Number of protein chains: 2
Amino acid sequence: MTVPGESPRPSRRSIHEEGCIAAHALDILGERWTFLVMRELMFGPKRFGLIRAGLPGISASVLTQRLEGLEASGIVQRVLLPKPAEVQVYALTDVGLAARPVIEALCRWGVVMPGHDPTKFISPTSLMFSMMVMVDADAARGLDLRAGFDLGRESFQGALVDGRWEVEPGPAEGDLVFAGSPNALAPVIYGPRRLADWEGSEAVRFSGDPVLGQRFIDLFSLRRG
Amino acid sequence: MTVPGESPRPSRRSIHEEGCIAAHALDILGERWTFLVMRELMFGPKRFGLIRAGLPGISASVLTQRLEGLEASGIVQRVLLPKPAEVQVYALTDVGLAARPVIEALCRWGVVMPGHDPTKFISPTSLMFSMMVMVDADAARGLDLRAGFDLGRESFQGALVDGRWEVEPGPAEGDLVFAGSPNALAPVIYGPRRLADWEGSEAVRFSGDPVLGQRFIDLFSLRRG
DNA sequence: CTGTATCCGTGTTGATACTG
DNA sequence: CAGTATCAACACGGATACAG
């Protein structure tokens, strides 16, 4: 599908006919869904269905296409899980993992751009990712805790270490535990309402020390970079 | 599945129906040309024709559309130059300028992605930008010089300060001066041939101390991040 | 559950031509 | 030079139906 020589029509791949390396990267970002698929895999390999769950609206055929394209570009690789599972998952290669700073930069820029609508669907991965980017490092230094997040099909746990907030998939355990859908939890975490105000909410469950919990969510704000 | 404000057709704007802030930024990057237009303006305001010169292949109508869209998004603003000139230029707003880390991250990721074709068109802005990103900070520390670049319709000068390589538009002056098209200069700067080998080349002109010149271009490599 | 194959509507692009 | 207007071609996305 890639003709060696000329490209008479700018048809499919390589939308931007440029030698610029940033433009080269844009060929990936520019294609609908593609970068979102990468985002879904940033915390670790996933199965087809779980990727799809994080990308509502994508059709199976398009997801297949994207996965194929990413594999051809050396960004994603299929992995056959060992042992008893023996199911196939999709994993980011080193090249794919290297795109992490791009997502982070995108997040930071996204917050200063007007027009962001937080009522739209938020995937578990995207919520966890945004928290890593938005944490107030100065305020976080000195605080030391672990928190778990039960987001439905996916759960994570994170630790505050030296001002950074690091997250990985895993059981929702820790000093604090939040449970609920990403869309329900996002306004809890990013405020401006207080944690106590969510008491009794059906969509959100919290367990742990309320004072510590409040200190924790105060670290995250969409105002700061 | 989503929210009250359902959008029956995913029509034009807001391609990615997500609350994810990175996805929000992707709406800009995803649209063909849009981000490239921003790149062209990163070093300062430009006129319509000069932007177009940096984006070969874009049609006037599409450039107009993109400029309008960017203006509507608060990323670009039209500025009427004062005094005798009194021509209109396009400038990045603060929001637009804030996207600079995104381009930098894109550049860094672009180099590790396979498939980059440096024979394709390189715009003056993109060459200057890539140099800022690719400079080897460790090696650059301790070296102190200014270099000018005459790229045809556009010229720049840069200074090595404390390991950073900072560039701004301006006359091509300095301890070293390089002249030629970006496509001709890119292989000179990024190697692997030595500067001396370009002696007598028609497409490239160099003036300054050859030894210093070589030390300078050794700071730039597509291998390093 | 994990995809694959096909089909049609439509949005977008790039050419061309034109205006101030 | 700086855009605007029109338009046909086409590639892409989403839906649906189907297969391992």
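Note that the structure is predicted; figures quoted are calculated from it, not measured. Naming convention: chains lettered A, B, ... in sequence-line order (proteins, then strands); numbering from 1 in each chain. Quick note: numbers below take in every heavy atom, side chains included, and nothing from hydrogens, waters or symmetry partners.
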What pairs of residues pass the side-chain hydrogen bond (donor to acceptor under 3.5 Å, both in side chains) test when at least one of them lies in [range], not counting sequence neighbours?
range                       : answer
residues 164-174 of chain A : R164(A)-E166(A)
residues 176-190 of chain A : S130(A)-Y190(A)
residues 39-54 of chain A   : R39(A)-S123(A), R39(A)-E18(B), E40(A)-K46(A), E40(A)-S123(A), E40(A)-T125(A), K46(A)-T125(A), K46(A)-E154(A)

Distance, rounded to the nearest Å, where [X] contributes [atom1] and [N] contributes [atom2]:
X      : N       : atom1 : atom2 : value
I58(A) : dG13(D) : CD1   : P     : 9 Å
L63(A) : dT16(D) : CG    : P     : 18 Å
E31(A) : dG13(D) : CD    : P     : 6 Å
W33(A) : dC12(D) : CH2   : C1'   : 13 Å
L81(A) : dT2(C)  : CG    : P     : 12 Å
R32(B) : dG11(C) : CZ    : P     : 17 Å

Which residues share a ring pair (Phe, Tyr, Trp, His ring centres under 6.0 Å) with F35(A), sequence neighbours left out: none
With F43(A) via ring pair (Phe, Tyr, Trp, His ring centres under 6.0 Å) - residues at least two apart: F129(A), F156(A)
Donor-acceptor pair, side chain of T93(B) and main chain of V95(B), under 3.5 angstrom: yes
Listed pairs, N/O of protein and of nucleotides 2-5 of chain D, under 3.5 Å:
from	atom 1	to	atom 2	distance (Å)
dA2(D)	OP1	R47(B)	NE	2.4
dA2(D)	OP1	R47(B)	NH1	3.4
dA2(D)	OP1	R47(B)	NH2	2.2
dA2(D)	OP2	G49(B)	N	3.1
dG3(D)	OP1	Q88(B)	NE2	3.1
dG3(D)	OP1	Y90(B)	OH	3.2
dG3(D)	OP2	Y90(B)	OH	3.1

